[in-house]
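So you know, we letter chains A, B, ... as the sequences are listed, proteins then strands, and number each from 1.
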Amino acid sequence: MILIPTPQEFSYKELIKFLSRNEKECLHRIKDDTIYKVLEIENELVLFSVSFDNGLVVRIHTENQSPFVNDIIKNYIEDWFDLTADLKSFYEIARQDTILHQLCQKYHGLRMVGMPNLFESLIWSVIGQQINLNFAYSLKQRLVQSFGKSITFEGQTFYALPTPETLACLQIEDFRPYQFSKGKAQYIINISKAFAEGTISQQNLSLLSYDEIKQQLTAIKGVGNWTANYSMMKSLKSYDAFPVEDVGLHNAIKNQYGLEAKPTIADLHQMSTQWIGWRGYATFYFWHSLLG
DNA sequence: TACCAGGATGTTG
DNA sequence: CAACATCATGGT
């Protein structure tokens with residue numbers, strides 16, 4: 001068992017709400033407010049669970065060979081739930097914007113739920129491009145269940161994210177039975193090859209500036225401005241990365257500000273000047289508002 | 001039925 | 001450089 005202390009501003013309730021947002025989510029599972037997830041570490045699967053009891057309580061349910069498993073899982077969780085961000089600074093900035101300030105009070109302690117694995121966020125955002133989220137979750141489920149490794153624990157099957165090496169070997173036709181468009185299939189292959197061949201490396205990117213990272217990501221065919229910013233905020237702790245084209249953001253802004261129509265891109269650039277430094281975090285809070 | 005979904009790319013004017 | 005067509009399918 002591993003205990004991870006939580007910072008002062010931390011809401012497990014809002015975390016669970018966000019993680020529970022879609023029933024088809026297949027890369028983690030929630031049962032009785034306990035979170036289950038599988039990671040592939042050094043070619044073996046590790047199943048762990050997280051619950052809350054005056055801090056995060058982590059249990060590892062597999063017997064693994066690697067001596068580093070505990071540390072890797074601990075770091076993963078701190079990254080996944082963004083336990084180190086200085087939320088006070090975000091809340092201070094947000095006070096300038098009445099609507100955002102209200103969301104910060106309503107969801108106090110909500111931390112950005114990230115994707116510690118950059119490959120995962122890129123694949124997920126390509127899947128989500130231009131289609132409704134429910135369909136996107138169906139596509140993700142088919143991809144993960146078809147090409148990801150799995151283990152069974154207490155009668156339930158848990159899936160790990162397919163590796164870049166696995167997906168890089170596929171052809172466009174391999175995706176067609178799962179209702180991926182040719183474009184999405186090609187984009188996923190492109191991203192997988194970039195990781196498998198080492199053209200893109202999360203470790204290398206993490207050392208670069210915002211502009212340099214974005215340039216490298218958008219060099220991959222299929223990764224545009226929205227995808228690059230989405231992945232940077234979810235995987236690379238770019239709290240100011242701003243996926244301004246995001247339809248979910250547009251809807252949330254329209255709802256929260258009581259607008260007649262969805263804001264334009266220009267409107268959003270204007271509004272977001274109030275959130276500079278934390279535009280990604282602000283976006284995450286607006287997304288969360290869609291859940292109620 | 002037409003239009004929109006957590007967009008990106010390639011082509012056209 | 002801006003405007004448009006295309007992608008594929010589920011929902012409204």
Side-chain angles (χ1 to χ4, degrees), chain A residues 17-27 103 110 112-115 118 120-144 146 170-194 200 213-236 238 241-257 259-269 271-272 275 279-292:
Chain A
K17 188 204 289 185
F18 186 82
L19 287 176
S20 306
R21 71 194 183 284
N22 194 290
E23 289 295 322
K24 292 181 189 168
E25 174 59 62
C26 53
L27 289 178
L103 291 180
L110 170 67
M112 185 182 300
V113 179
M115 291 188 188
L118 176 64
E120 176 182 341
S121 65
L122 287 168
I123 296 299
W124 170 233
S125 47
V126 163
I127 289 174
Q129 286 171 2
Q130 178 53 23
I131 59 176
N132 66 72
L133 262 187
N134 204 41
F135 183 43
Y137 274 105
S138 295
L139 294 180
K140 173 179 168 179
Q141 192 171 39
R142 292 168 195 157
L143 188 75
V144 168
S146 302
L170 300 176
Q171 305 296 322
I172 290 178
E173 301 78 60
D174 298 321
F175 290 85
R176 301 296 294 157
Y178 308 113
Q179 295 180 290
F180 284 68
S181 65
K182 293 172 193 167
K184 279 193 201 304
Q186 185 62 60
Y187 297 164
I188 289 170
I189 293 169
N190 292 347
I191 293 166
S192 301
K193 282 186 174 168
I200 293 285
I213 298 171
K214 194 169 144 189
Q215 187 175 15
Q216 283 208 30
L217 292 178
T218 53
I220 307 172
K221 289 296 177 198
V223 179
N225 195 60
W226 174 81
T227 300
N229 280 300
Y230 177 91
S231 292
M232 288 176 72
M233 66 179 270
K234 296 283 277 189
S235 300
L236 298 176
S238 301
F242 186 39
V244 64
E245 303 88 349
D246 188 88
V247 173
L249 175 65
H250 301 172
N251 289 329
I253 295 279
K254 177 174 178 290
N255 294 343
Q256 294 301 318
Y257 291 80
L259 306 179
E260 294 288 330
K262 287 190 291 185
T264 64
I265 301 295
D267 292 337
L268 287 162
H269 280 304
M271 299 173 71
S272 65
W275 323 324
R279 282 174 289 189
Y281 239 93
T283 299
F284 186 72
Y285 268 64
F286 283 113
W287 283 340
H288 198 67
S289 74
L290 295 169
L291 302 178

With sequence neighbours excluded, what pairs up with A:E260 under the side-chain contact (heavy atoms from CB on, under 4.5 Å) test?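 Applying side-chain contact (heavy atoms from CB on, under 4.5 Å) to A:E260 gives none.
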
Got a sec, which residues hit side-chain contact (heavy atoms from CB on, under 4.5 Å) with A:S20, two or more places apart in sequence or on another chain?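 By the side-chain contact (heavy atoms from CB on, under 4.5 Å) rule, A:S20 matches A:I16, A:I30.
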
Quick one: which of C:dG10, B:dG7, C:dC7 gets closest to the side chain of A:Q179?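 Nearest to the side chain of A:Q179 among the choices is C:dG10.
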
Could you tell me the separation between the [atom1] atom of [X] and the [atom2] atom of [N], rounded to a whole number of Å?
X      : N     : atom1 : atom2 : answer
A:R176 : C:dC7 : CZ    : P     : 10 Å
A:Y137 : C:dT9 : OH    : P     : 21 Å
A:E245 : B:dT9 : CD    : P     : 11 Å
A:I220 : B:dT9 : CD1   : P     : 10 Å
A:L139 : C:dC7 : CG    : P     : 17 Å
A:N229 : B:dA8 : CG    : C1'   : 14 Å
A:I265 : C:dA2 : CD1   : P     : 14 Å
A:K184 : B:dT9 : NZ    : P     : 12 Å

Nucleotide N/O of nucleotides 2-5 of chain B paired with protein N/O under 3.5 Å:
from  : atom 1 : to     : atom 2 : distance (Å)
B:dA5 : OP1    : A:K262 : NZ     : 2.2
B:dA5 : OP2    : A:K262 : NZ     : 3.4
B:dA5 : N7     : A:Q130 : NE2    : 2.8

Considering every strand and a 4.0 Å limit on heavy-atom distances, what is the contact class for [X]: base, sugar-phosphate, or nothing?
X      : answer
A:V223 : sugar-phosphate
A:Y230 : base
A:T227 : sugar-phosphate
A:I127 : nothing

Would you measure the distance from the P atom in C:dC4 across to the matching atom in B:dC3 and give it in whole Å?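 Nearest-Å result for C:dC4 against B:dC3 at atom P: 14 Å.
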
Donor-acceptor pairs under 3.5 angstrom involving side-chain atoms of residues 247-254 of chain A: please list them, not counting sequence neighbours.
from   : atom 1 : to     : atom 2 : distance (Å)
A:H250 : NE2    : A:V244 : O      : 2.8
A:H250 : NE2    : A:D246 : O      : 3.2
A:N251 : ND2    : A:V247 : O      : 3.3

Considering residues, nucleotides and ligands other than A:K17, do more than 12 of their heavy atoms fall under 6.0 Å from its NZ?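 Yes, the 6.0 Å shell around NZ holds more than 12 heavy atoms from other groups.
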
Residue list, side-chain hydrogen bond (donor to acceptor under 3.5 Å, both in side chains) with A:R21, at least two apart or on another chain: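 Testing A:R21 for side-chain hydrogen bond (donor to acceptor under 3.5 Å, both in side chains), a comparison that skips the adjacent residues, returns A:Y137.
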
When rounded to the nearest 0.5 angstrom, what distance separates CE in A:M112 from NE2 in A:H288?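 Rounded to the nearest 0.5 Å, the CE-NE2 separation comes out at 12.5 Å.
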
Toward the 5' end of DNA chain B, which comes first, A:T283 or A:Y187, by nearest nucleotide?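 Closest to the 5' end, via its nearest nucleotide, is A:T283.
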
Could you tabulate the donor-acceptor pairs under 3.5 Å formed by side-chain atoms of residues 183-191 of chain A, not counting sequence neighbours?
from   : atom 1 : to     : atom 2 : distance (Å)
A:K184 : NZ     : A:V126 : O      : 3.0
A:K184 : NZ     : A:I127 : O      : 3.1
A:K184 : NZ     : A:Q129 : O      : 2.7
A:Q186 : NE2    : A:N190 : OD1    : 2.8
A:N190 : ND2    : A:Q186 : O      : 3.4
A:N190 : ND2    : A:K221 : O      : 3.1

